[in-house]
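Here's the structure we're looking at; comments come further down.
Since we're looking at a predicted model, the values are computed, not measured. Position 1 is the first residue of the sequence, and the numbers go up from there.
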Amino acid sequence: MVRDRQHGPVIELNRIQVKRSRGKGGLAGPDGMKSVFGQLCSKMSVFSTESLFLPHRVWKVKFIGESVDDCGGGYSESIAEMCDELQNGSTPLLIPTPNAREESGTNQDCFLLNPQGKSPAHINMFRFLGMLMGIAVRTGSPLSLNLAEPVWKQLAGMQLTPVDLTEVDKDYIPGLLCMRDMDSRAFEAMDMPFGTPSSSGREVQLSTKYQYVNIENRQEYVRLALNYRLHEFDTQSAAVREGMARVVPVPLLSLFTGYELETMVCGSPDISIALLKSVATYKGVEASSQLVLSFWQVMEEFSTNERSLFLRFVWGRTRLPRTIADFRGRDFVLQVLDKYNPPDHFLPESYTCFFLLKMPRYSCKQVLREKLKYAIHFCKSIDTDDYARIALTGDAMADSSSDSGESDAGSIASDDLLADSD
């Protein structure tokens, strides 16, 4: 039975390769296929319908050259890394909005599907992105993707409007209206090709019939330009929906708005401390103790980004599930230990597989805040005995997060020994 299985197929991923292939930035290999996203995409055929319908882990991760025993944390880490790659230029699937490039208007922090991604390899990658979205909806494990609202509208089966274009490119519609209504004498002084910039900034020829825009053809130009921009993502959106269809019934998505679909796939970017506290349990300390109260006060004081980093540190995710039910019985465990002496010299440790944070009995709130902030900012990924020793850029790598059990090296580090977490 599907529910009796703990995970789908075991997938080998090479994160060391990703670091090397990116070099000074840019794509991780040709078409980004050496990224974690690209590696998993190339193995898409091994995912059977049965594995895609699993309630938790659709695959189990084996990180090549790393000492990670994936009991759930490695799986979450792989998803978090793919979301990072999609938005940091490692893959060619997403592009910043035109407003982001111009640093004006709304949605400056959002991404669009890349309209230039039309090759068979790109289309397959868009299908895999859709599959990940479907998995997120089915399992309640959110993806940390910051896509502009028009993307979600199209994925929900809705048609884009000129208002949607303005949301991501505030100057485009006013520019077309200006051209439509421009005085004929001013228009004659222009020498404008019969083309339009795409959302990626690439110039696209709109017609083979006309070479330049003039008084006689400007109405047709406005019509063709608007039509192009309203439909430039159709091919990519269709591929994403095709991938989603492997996991969820896509026709039912038309029942939801774009915002509702985004919430189902990504959860809320605002991490609710009240929701996290509602699933918290405690070991070695009372819920009413001053240390626990200080911990929650620090969490309340954290910024949204710091809360996201905290989740990445303790759970391998960057967003909380939508509701308590979506936690699927998984509690956040805060355990306080007395074996560290003096406690203020040690960092907290995490076990992402078990959603577990182990913390020394810090003397005060200030020390707790300092140690926790250091851990979440400098220990973002699962610690790996072998990976941490490979100087990819000439610098040692270290972490105090762990994905196995009590025997994992590097599960805790003192301030002085952080660079060697064995």
Candidate pair Q108 and E103, rule side-chain contact (heavy atoms from CB on, under 4.5 Å), full reasoning: CA-CA 7 Å; Q108 291 186 49; E103 298 183 348; 4.0 Å; yes
Could you state the interatomic distance from [atom1] ([X]) to [atom2] ([Y]), rounded to the nearest 0.5 Å?
X    : Y    : atom1 : atom2 : result
K19  : K34  : NZ    : NZ    : 16.0 Å
E12  : L40  : CD    : CG    : 11.5 Å
S294 : M299 : OG    : CE    : 13.5 Å
I273 : L275 : CD1   : CG    : 9.5 Å
L155 : L113 : CG    : CG    : 6.5 Å
L147 : L86  : CG    : CG    : 8.5 Å

When you measure from the side chain of [X] to the backbone N and O of [Y], does any donor-acceptor pair fall under 3.5 Å?
X    : Y    : value
D331 : V333 : no
N99  : K170 : yes
E232 : S198 : no
Q87  : C83  : yes
D344 : S363 : yes
T166 : P162 : yes
E81  : S78  : no
N114 : Q116 : yes
R307 : I271 : yes
Q205 : S207 : yes

Is any side-chain heavy atom of [Y] closer than 4.5 Å to one of [X]?
X    : Y    : answer
V250 : E242 : no
H231 : Q159 : yes
L291 : M359 : yes
P92  : L27  : yes
M133 : L145 : yes
V247 : V58  : no
L334 : K358 : no
N124 : C41  : yes

Carboxylate-amine/guanidinium proximity below 4.0 Å for [X] and [Y]:
X    : Y    : value
R369 : E301 : yes
R312 : D84  : yes
R15  : E77  : yes

Residues in salt bridge (Lys or Arg N to Asp or Glu O under 4.0 Å) contact with E167, at least two apart in sequence or another chain: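 Counting only residues at least two positions away or on another chain, E167 forms no salt bridge (Lys or Arg N to Asp or Glu O under 4.0 Å).
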Does a side chain donor of either [X] or [Y] reach within less than 3.5 Å of an acceptor in the other side chain?
X    : Y    : result
T196 : E203 : no
S35  : Q39  : no
N305 : S303 : no
D164 : Q154 : no
E349 : Y351 : yes

Closest approach of [X] and [Y], non-hydrogen atoms and distance?
X    : Y    : result
Y221 : P193 : CE1-O, 4.4 Å
G117 : F126 : O-CE1, 3.6 Å
S76  : W315 : CB-O, 3.5 Å
R241 : G157 : NH1-N, 3.4 Å
F256 : A156 : O-CB, 3.8 Å
K365 : V298 : CG-CG2, 3.9 Å

Cation-pi geometry met for R361 and Y340 (6.0 Å, 45°):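 Because its charged atom misses either the 6.0 Å distance or the 45° angle limit, R361 does not stack over Y340.
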Determine whether more than 12 heavy atoms belonging to other residues, nucleotides or ligands lie under 6.0 Å from atom [atom1] of [X].
X    : atom1 : answer
E220 : CD    : yes
K43  : NZ    : yes
Q297 : CD    : yes
E260 : CD    : yes

Sole candidate of L112, N107, T106 that passes side-chain contact (heavy atoms from CB on, under 4.5 Å) when paired with C110: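 Passing option: N107.
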The single option from Y362, F295, Y374 passing side-chain contact (heavy atoms from CB on, under 4.5 Å) against P348: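 Among Y362, F295, Y374, the one meeting side-chain contact (heavy atoms from CB on, under 4.5 Å) with P348 is Y362.
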Please tell me whether [X] and [Y] form a close aromatic pair, meaning their ring centres lie under 6.0 Å apart.
X    : Y    : value
F327 : F332 : no
W59  : F47  : yes
F302 : F310 : no

Derivation and outcome, side-chain contact (heavy atoms from CB on, under 4.5 Å), residues D169 and R229: CA-CA 10 Å; D169 190 350; R229 288 294 294 269; 3.0 Å; yes
Step-by-step side-chain contact (heavy atoms from CB on, under 4.5 Å) determination, F63 to N14: CA-CA 6 Å; F63 288 119; N14 190 333; over 6 Å; no
Pair T91-E85, side-chain hydrogen bond (donor to acceptor under 3.5 Å, both in side chains): steps then yes or no: CA-CA 6 Å; T91 71; E85 290 174 340; over 6 Å; no
